[in-house]
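What follows is a single structure, written as structure tokens, with notes after it.
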2 protein chains.
Amino acid sequence: MTVQQESPAETPQADAPVPVYFVAESTGISAEAMGNALLVQFPGIVFERKRIPFIHSIQDARRAVSILDAAMDGPRQPIVFTTIADDTIRAVLGMSRAPIIDFVTSHLGRLEDLLGTSALHLAVQAHGLGDQRRYDRRMKAVEYAIEHDDGESMRQYADADVILLAPSRCGKTPTTMYLALQHSVFVANYPLVPEDLTGLDLPAPVATLRTRCFGILTTPERLSQVRNERKPDSTYSSIEQCTWELKRAEKLFRAQRIPTVNSSAKSVEEMSTVILQHLGRT
Amino acid sequence: MTVQQESPAETPQADAPVPVYFVAESTGISAEAMGNALLVQFPGIVFERKRIPFIHSIQDARRAVSILDAAMDGPRQPIVFTTIADDTIRAVLGMSRAPIIDFVTSHLGRLEDLLGTSALHLAVQAHGLGDQRRYDRRMKAVEYAIEHDDGESMRQYADADVILLAPSRCGKTPTTMYLALQHSVFVANYPLVPEDLTGLDLPAPVATLRTRCFGILTTPERLSQVRNERKPDSTYSSIEQCTWELKRAEKLFRAQRIPTVNSSAKSVEEMSTVILQHLGRT
């Protein structure tokens with residue numbers, strides 16, 4: 001065990017981050033998502049996360065074991081999360097001295113009972129190409145999102161599942177990309193410029209598409225801060241201008257009965273989930 | 001129970017999809033990722049997935065219970081996956097007649113033992129805004145990716161963590177967006193046009209950035225198919241042209257010792273994982 005020199009604490013290892021490994025046959029995305037959902041329950045502890053993906057063979061598993069056993073000799077005991085479904089490969093991983101939380105076997109038996117059939121117990125790529133047509137649609141959604149980002153092109157707004165409306169820099173683009181990439185939603189977004197905000201009518205390019213519109217709002221403080229990074233000390237980024245644009249946008253959304261979400265309080269994932277709920281796609 | 005009329009099968013409900021619910025305090029992303037990693041182990045069964053996100057209160061939980069109990073009266077018994085960490089809210093959910101696979105409590109006790117401390121047992125947003133500075137960096141990565149997509153602007157290639165190189169339509173953009181959005185990586189991408197492919201030198205805009213380059217290749221058949229959708233029956237999409245471009249690109253990557261990944265065999269998630277491994281960021 002490595003012990004720090006002249007450590008002021010009684011337990012010298014208590015300050016070191018806890019190494020966390022996500023070991024998987026494929027990308028490790030599921031193991032990481034689920035592991036993180038558990039780790040957030042321990043806000044007082046600092047974790048150092050590392051994925052060990054693409055464990056396809058016994059040799060790969062042995063390599064993982066040597067990484068995990070080396071971590072066991074470090075200042076803090078590591079924690080290993082795994083989704084390895086292949087019984088042989090998991091058995092090799094189990095030879096590690098590190099404690100392993102196994103997301104698959106702990107639930108697969110119960111699922112087999114519920115579904116009345118045996119699970120494969122083999123590596124299956126949960127994040128592989130999968131169905132090529134579904135995958136292609138997802139890629140097309142990304143393409144569409146880029147072509148219709150920030151009012152770039154309005155040619156095919158009619159193809160949009162949803163059109164995000166907001167004043168400049170409210171956070172339309174990341175949510176657009178997330179919905180396209182993760183949910184194959186065809187998303188366009190349109191920036192409400194000050195001229196669009198003088199009245200209560202929808203701007204011409206989206207005027208006939210009201211029911212597909214979704215508004216994004218934020219706080220004047222946050223908007224001013226984000227705009228200042230782009231154009232410091234400009235009218236555009238002044239708190240007065242930001243306040244005016246947000247107030248007018250909110251009025252417009254209310255008048256047009258367009259649902260809204262606030263990007264200052266919600267992450268891209270949360271906003272996307274709200275929008276998907278609205279679309280009936282959760 | 002709903003029974004289909006004149007069903008030809010002995011067990012009329014066997015053909016109906018199994019309803020799957022992901023119930024969560026926040027977005028449900030973790031529950032869905034982990035649930036899907038289990039469901040892929042049952043390739044013979046069709047599942048109909050639905051998220052029930054934002055279960056914040058006892059009232060929300062009661063609403064979820066009524067959805068789940070209604071599903072219990074359908075043709076197939078539903079399966080519920082949950083990550084609800086709040087003990088009170090989970091207790092309400094547990095009143096449903098539907099079988100629940102609980103990802104949190106089944107592992108939290110073990111984690112508490114391993115970490116020597118109590119978990120919060122409260123709702124924590126695993127996909128919320130979290131640390132604002134880290135979140136902002138992620139948003140900046142998306143902005144950077146859009147500005148430096150497809151050779152749009154080459155101004156700030158020097159800021160890139162990685163520059164994806166490939167002939168047109170090999171799938172640079174979705175991988176670029178995924179790495180930016182999910183991993184805050186600053187990714188530029190540069191399209192290798194035929195003029196870039198005549199020799200073995202890197203194109204001028206990336207010539208001094210060789211060590212940050214990563215190549216994407218695909219099969220001529222796949223490339224021709226994707227290009228045909230954009231420009232049918234053109235030289236650009238002919239199998240001859242695609243074969244030539246891919247062969248020359250491969251030679252260039254080999255000559256310059258640029259690592260590559262093949263987009264015809266790998267999903268965006270898998271390619272991104274390979275690239276993150278190369279960057280030492282997994």
Side-chain angles (χ1 to χ4, degrees), chain A residues 18 26-31 33-34 36-38 40-45 50-54 77 79 83 85 99 101 103-104 106-108 110-111 114-115 117 119-121 124-130 135 139 142-143 146 149 171 173-174 177-178 181 265-270 273 277 282, chain B residues 18 26-31 33-34 36-38 40-45 50-54 77 79 83 85 99 101 103-104 106-108 110-111 114-115 117 119-121 124-130 135 139 142-143 146 149 171 173-174 177-178 181 265-270 273 277 282:
Chain A
V18 174
S26 180
T27 58
I29 290 170
S30 309
M34 194 52 229
N36 280 333
L38 293 168
V40 290
Q41 289 293 317
F42 300 90
I45 300 180
K50 203 154 178 66
R51 279 202 247 163
I52 308 183
F54 304 129
Q77 175 177 268
I79 290 171
T83 50
I101 291 183
F103 288 134
V104 169
S106 48
H107 304 292
L108 215 49
R110 175 101 192 279
L111 264 180
L114 288 169
L115 295 168
T117 183
L120 284 180
H121 293 271
V124 182
Q125 297 174 318
H127 292 95
L129 280 172
Y135 186 79
M139 296 305 107
V142 174
E143 204 175 292
I146 298 221
D149 182 46
T173 298
M177 293 303 150
Y178 187 88
L181 196 50
K266 282 193 160 60
S267 69
V268 160
E269 282 81 358
E270 290 169 320
T273 302
Q277 275 193 303
T282 47
Chain B
V18 174
S26 178
T27 59
I29 290 170
S30 310
M34 194 53 229
N36 280 333
L38 292 168
V40 290
Q41 290 292 316
F42 300 90
I45 299 180
K50 203 155 176 65
R51 278 201 248 165
I52 308 182
F54 304 129
Q77 174 177 269
I79 289 171
T83 50
I101 290 182
F103 288 136
V104 168
S106 48
H107 304 292
L108 215 49
R110 174 101 193 278
L111 263 181
L114 287 171
L115 294 168
T117 184
L120 286 179
H121 293 271
V124 181
Q125 297 173 316
H127 291 96
L129 280 173
Y135 186 79
M139 297 305 107
V142 174
E143 203 174 292
I146 299 222
D149 182 47
T173 298
M177 293 305 149
Y178 188 88
L181 197 50
K266 283 193 159 59
S267 69
V268 162
E269 282 80 358
E270 291 169 319
T273 303
Q277 276 192 302
T282 47

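Predicted, not measured: the structure shown is a model, and the values here were computed from it. Values below: every heavy atom of this structure, side chains too, minus hydrogens, waters and symmetry copies. A, B, ... follow the sequence lines: proteins, then strands. Residue 1 opens every chain.
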Which atoms form the tightest heavy-atom contact between Gln41(A) and His121(B), and what is the distance? OE1-N, 2.8 Å

Proximity breakdown for Val18(B) and chain A, heavy-atom pairs closer than 4.5 Å: side chain

With a 4.5 angstrom heavy-atom cut-off, which part of Ser106(B) approaches chain A: side chain, backbone, both or neither? side chain

What part of Ile45(A) lies closer than 4.5 angstrom to a heavy atom of chain B: side chain, backbone, both or neither? side chain

Exercise: identify the closest heavy-atom pair between Pro53(B) and Thr273(A): CG-CG2, 3.5 Å

Taking side chain as everything from C-beta outward and backbone as N, CA, C, O, which of these in Tyr135(A) sits under 4.5 Å from a heavy atom of chain B? Side chain, backbone, both or neither. side chain

Contact check, side chains of Thr173(B) and Glu143(A), non-hydrogen atoms, under 4.5 Å: no

So do Met177(A) and Ile146(B) actually touch side chain to side chain, heavy atoms under 4.5 Å? yes

Portion of Leu111(B) that has a non-hydrogen atom of chain A nearer than 4.5 angstrom: both

So which of Val268(B), Leu38(B), Ile52(B) has the biggest tally of heavy-atom pairs under 4.5 Å with chain A? Leu38(B)

Distance-minimising heavy-atom pair for Ala33(B) and Ser30(A): O-OG, 3.4 Å

Side chain, backbone, both or neither: which part of Leu181(B) has a heavy atom under 4.5 Å from chain A? side chain

Mind listing the closest non-hydrogen atom pair of Val40(A) and Leu120(B) along with its distance? O-CD1, 4.1 Å

Given that the side chain runs from C-beta out, which part of Glu270(A) has a heavy atom under 4.5 Å from chain B: side chain, backbone, both or neither? both

Turns out that what part of Ile101(A) lies under 4.5 Å from chain B's heavy atoms comes down to both

Give me the atom names and distance for the closest heavy-atom approach of Arg110(A) to Pro99(B). NH2-CB, 3.6 Å

Considering only heavy atoms from C-beta outward, does the side chain of Phe42(A) approach that of Val124(B) to under 4.5 Å? no

Check each atom of Thr83(B) against the heavy atoms of chain A and say whether the ones under 4.5 Å are side chain, backbone, both or neither. side chain

